[in-house]
Amino acid sequence: MTYLTLMQGFSAARIPRRRGSTIEDQQLRTGPTISIVDDDESMRCAVKSLVTSLGFAACTFASAEEFLQSPCLDDTACLITDLQMPGLSGIELQKSLLAQDRHIPIIFMTAFSEERIRTRAMEAGALGFLSKPFESQTLITLIDKAIETSRKN
Amino acid sequence: MRAIAQNGTGSRAEAAAPAITGVSDEQQVLLSTLPPSRGQKRLAFAIVLVLLAAFCATLPFATVPLGYIREFIPAYAAAMFVISSITSALLFVQFSIVRSRALLAVSAGYLFSALITIPWALTFPDLFGESDMAGTTWGVLTRIWRLVFPLSVIGYTLLKDDDARTAWPRALSYFAVLLSAAGVLVAVDLVAWLATTTRDSTPSGLPFSILDRSQIYWNALFLLLALFALALLWSRRRSVLDLWLMVVMCGLVIELCLITLVGRRYVVGWYAARVYFLVSSTLVLAVLLSETALLYARLARSVMGQRREREARLMTLDVLSASIAHEMRQPLASIVTNVDAASRWMGRPTPDLDEVKATLEQIRNSAYRARDLIGSIRAMVKRDGRNRAALNLNDLVHEVLALMKGEFQRNRISVELELDENLPLTKGDRIQLQQVLTNLMTNAIEAMAEKKWPRILRIKSATEEPNGVLISVADTGKGIDPKIVDRIFNPLFTTKSSGMGLGLAICRSIIEGHDGRLWVSAGPEGGSVFQFVLPANIAS
């Protein structure tokens with residue numbers, strides 16, 4: 001109960017700023033795309049819902065391979081990916097993108113928070129590393145940062 | 001592990017152990033209780049055959065004089081002293097474990113053999129130029145030894161079956177070892193002193209004048225005694241020790257036969273007789289030592305195996321909790337993210353109710369998923385009902401304490417036990433309940449490790465009316481913040497930097513799976529008290 005109230009308070013605090021930028025939201029919808037890779041469907045949908053509520057376009061993929069083969073790859077301004085997945089892992093996805101010389105800002109999510117992997121991901125240039133369950137605000141801040149980076153490029 | 005617990009709880013546990021076999025698990029590895037294998041029997045038989053063959057081979061030359069070999073007696077005595085001392089030490093160790101009077105008798109007999117060789121060698125007539133044969137101290141000592149040693153073996157054989165079920169208290173057994181060793185020492189001194197003084201004052205005087213009768217009668221008596229001991233051992237043979245004592249007695253019989261047949265000193269037979277007995281004693285000692293070493297190796301392996309098994313079990317729990325944590329975090333993360341998304345859709349100038357509805361749907365699904373996950377963990381804990389058996393929680397406490405002894409010492413924590421001796425049995429899965437106790441004790445150690453003094457772990461067991469068994473684990477640690485006390489049993493809740501926060505959740509699942517309750521309260525002098533109640537096993 002307390003937790004929910006807290007989260008509502010959070011959102012309420014965020015809403016005025018977003019309200020002021022409704023037009024920007026509309027523009028963004030057709031603007032940068034955010035790709036979400038997670039083998040867990042509920043998580044994939046939840047992140048997609050959050051991202052679209054922010055006004056971004058979102059593409060979802062159940063595996064890293066699926067993402068690498070999709071046309072969304074070229075439009076992706078920010079990648080939010082799970083770490084442990086069947087097939088290619090998040091870290092391997094990061095490596096494969098760097099090998100293709102694609103410097104997409106990446107935000108990792110994981111249910112195993114292991115310091116060693118976190119360090120490895122951050123050293124390879126990840127934008128953020130979130131332990132599930134994470135606060136949505138942290139994700140939003142990271143997405144904002146990613147879009148800004150993409151825009152500069 | 002069972003063996004440790006049985007030692008720890010003493011007679012109570014032994015009384016609870018099945019009395020049908022009469023031999024508990026820990027005694028299955030002892031020379032004095034372990035039945036000989038076929039290979040051992042064959043080896044013993046072969047040794048006896050070789051001795052007999054040697055005896056027969058010696059017979060034609062038995063009376064060939066060899067002359068006086070000055071070095072023989074001191075060397076023989078030294079060898080016998082070493083062999084008998086080691087054998088007696090080996091047997092005293094066996095006694096300290098089994099605590100039976102039979103073993104005490106035979107150990108004392110061997111100690112006596114070892115000690116008497118000293119005056120025996122020193123009084124050997126020709127060693128210092130004496131020649132008086134029949135009445136010498138040496139002859140008296142030889143006869144006393146030939147009386148005492150078979151008698152101690154007979155004593156062992158007669159006592160060994162009665163003693164199987166009545167072990168002495170541990171403290172008393174060390175006392176008994178010391179007392180009998182001291183007694184043997186005094187007896188040897190006394191015998192040597194008497195043998196020396198009586199010969200000096202009156203060569204035919206009391207009490208050893210009786211020993212000066214014709215040598216042949218004496219030898220007949222010794223032979224009968226040794227044969228009687230052998231027959232008795234044969235009729236009651238059960239253990240490895242019995243088998244090898246029989247070999248020793250065969251050696252003694254052969255020695256006596258040879259000595260009786262030749263009837264004088266310094267001939268081949270006289271020397272050979274002693275060599276045969278020495279050989280049989282040495283072989284027996286070698287076999288006993290190798291058996292002990294083998295048993296030790298086997299025991300060490302099984303202890304290592306148990307330790308590995310325990311580590312594997314803890315590891316499994318760790319891996320299990322990690323995967324539970326992973327599975328639990330997915331729906332939780334999804335719920336949190338969806339709640340925020342829904343709130344955003346609502347907060348738009350024109351709320352998108354379709355999106356809100358879809359998101360709420362997602363939240364419900366994730367919550368169901370978490371519920372099913374908890375259900376399956378509980379089912380996993382519950383499903384193992386086939387491993388449940390009647391058990392005494394006091395024994396379990398002792399077992400876990402023995403396993404964690406090192407942890408308590410390292411953290412300088414003293415343990416106070418207040419166990420109800422009349423605690424009714426309860427029915428449960430030994431390993432799961434052990435896990436609960438281990439977990440509660442580990443938490444207590446960690447709670448106290450951050451505090452200076454005092455560091456006391458109090459473990460209580462009690463009967464809980466109407467029919468429950470209560471265990472309480474109290475620490476003098478920093479206690480639990482009342483603000484979080486309601487949440488400490490929740491999965492994923494943890495105050496520690498390491499760990500998944502599943503320990504107490506699993507503990508509660510296990511206890512509830514056993515139809516019990518687990519709760520926590522603040523200790524009277526700080527710290528916290530974890531208690532659980534399990535139903536008593538009424539059927540028992």
Side-chain angles (χ1 to χ4, degrees), chain A residues 2-23 25-26 29 36 38-56 58 80 82-85 109-115 130-140 143, chain B residues 318-319 321-373 483-484 486-487 490-494 497-502:
Chain A
T2 25
Y3 192 52
L4 279 177
T5 334
L6 203 73
M7 289 317 290
Q8 276 164 6
F10 235 146
S11 314
R14 279 282 302 182
I15 287 160
R17 197 169 74 85
R18 282 283 158 194
R19 257 186 199 153
S21 55
T22 328
I23 303 145
D25 277 1
Q26 293 300 319
R29 200 174 265 283
I36 300 147
D38 196 324
D39 59 316
D40 187 278
E41 198 203 339
S42 70
M43 199 58 214
R44 211 160 59 221
C45 293
V47 176
K48 184 189 177 181
S49 183
L50 186 75
V51 165
T52 47
S53 81
L54 291 171
F56 298 111
I80 303 170
D82 190 19
L83 207 59
Q84 292 85 16
M85 290 179 291
M109 309 179 286
T110 179
F112 289 111
S113 54
E114 206 183 305
E115 201 50 45
L130 301 173
S131 286
K132 291 178 189 175
F134 49 83
E135 282 178 18
S136 307
Q137 188 50 49
T138 321
L139 180 63
I140 294 166
I143 293 173
Chain B
D318 206 42
V319 169
S321 55
S323 76
I324 292 171
H326 179 256
E327 287 302 309
M328 212 55 206
R329 282 186 171 145
Q330 296 285 17
L332 280 176
S334 152
I335 289 171
V336 169
T337 311
N338 271 318
V339 165
D340 284 346
S343 142
R344 273 179 197 289
W345 291 116
M346 293 269 288
R348 290 192 158 217
T350 43
D352 192 331
L353 290 181
D354 286 340
E355 282 285 355
V356 171
K357 210 177 153 198
T359 314
L360 287 176
E361 194 87 7
Q362 288 281 339
I363 292 173
R364 193 179 58 191
N365 289 342
S366 295
Y368 281 162
R369 192 173 140 196
R371 179 202 63 187
D372 292 347
L373 183 70
K483 273 181 261 172
I484 61 164
D486 290 332
R487 285 153 62 201
N490 294 354
L492 300 175
F493 182 82
T494 182
S497 51
S498 65
M500 293 288 186
L502 279 166

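Residue numbering restarts at 1 for every chain, and letters A, B, ... go by the order of the sequence lines. Values below: all heavy atoms of this structure, side chains included; hydrogens, waters and symmetry mates excluded.
Atom CG of B:Leu332 sits about 12.0 Å away from atom CZ of A:Phe134, to the nearest 0.5 Å. B:Ile363 contributes atom CD1, which lies 11.0 Å from atom OG of A:Ser42 (distance to the nearest 0.5 angstrom).
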Inset, instruction - Give the intermediate values and the outcome of side-chain contact (heavy atoms from CB on, under 4.5 Å) for residues A:Ile140 and B:Arg344. - result: CA-CA 12 Å; A:Ile140 294 166; B:Arg344 273 179 197 289; 3.3 Å; yes
Inset, instruction - Could you check B:Arg329 against A:Asp40 for salt bridge (charged side-chain N to carboxylate O under 4.0 Å, His left out), going step by step and ending with a plain yes or no? - result: CA-CA 11 Å; B:Arg329 282 186 171 145; A:Asp40 187 278; over 6 Å; no
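In this structure, a donor-acceptor pair under 3.5 Å is present between the side chains of A:Ser49 and B:Thr359.
In terms of heavy-atom pairs under 4.5 angstrom with chain A, the leader among B:Ala358, B:Ala333, B:Ser366 is B:Ala333. Here A:Met43 is the residue among A:Lys48, A:Met109, A:Met43, A:Glu41 with the most heavy-atom pairs under 4.5 Å with chain B.
Both the backbone and the side chain of B:Gln330 have a heavy atom closer than 4.5 Å to some heavy atom of chain A.
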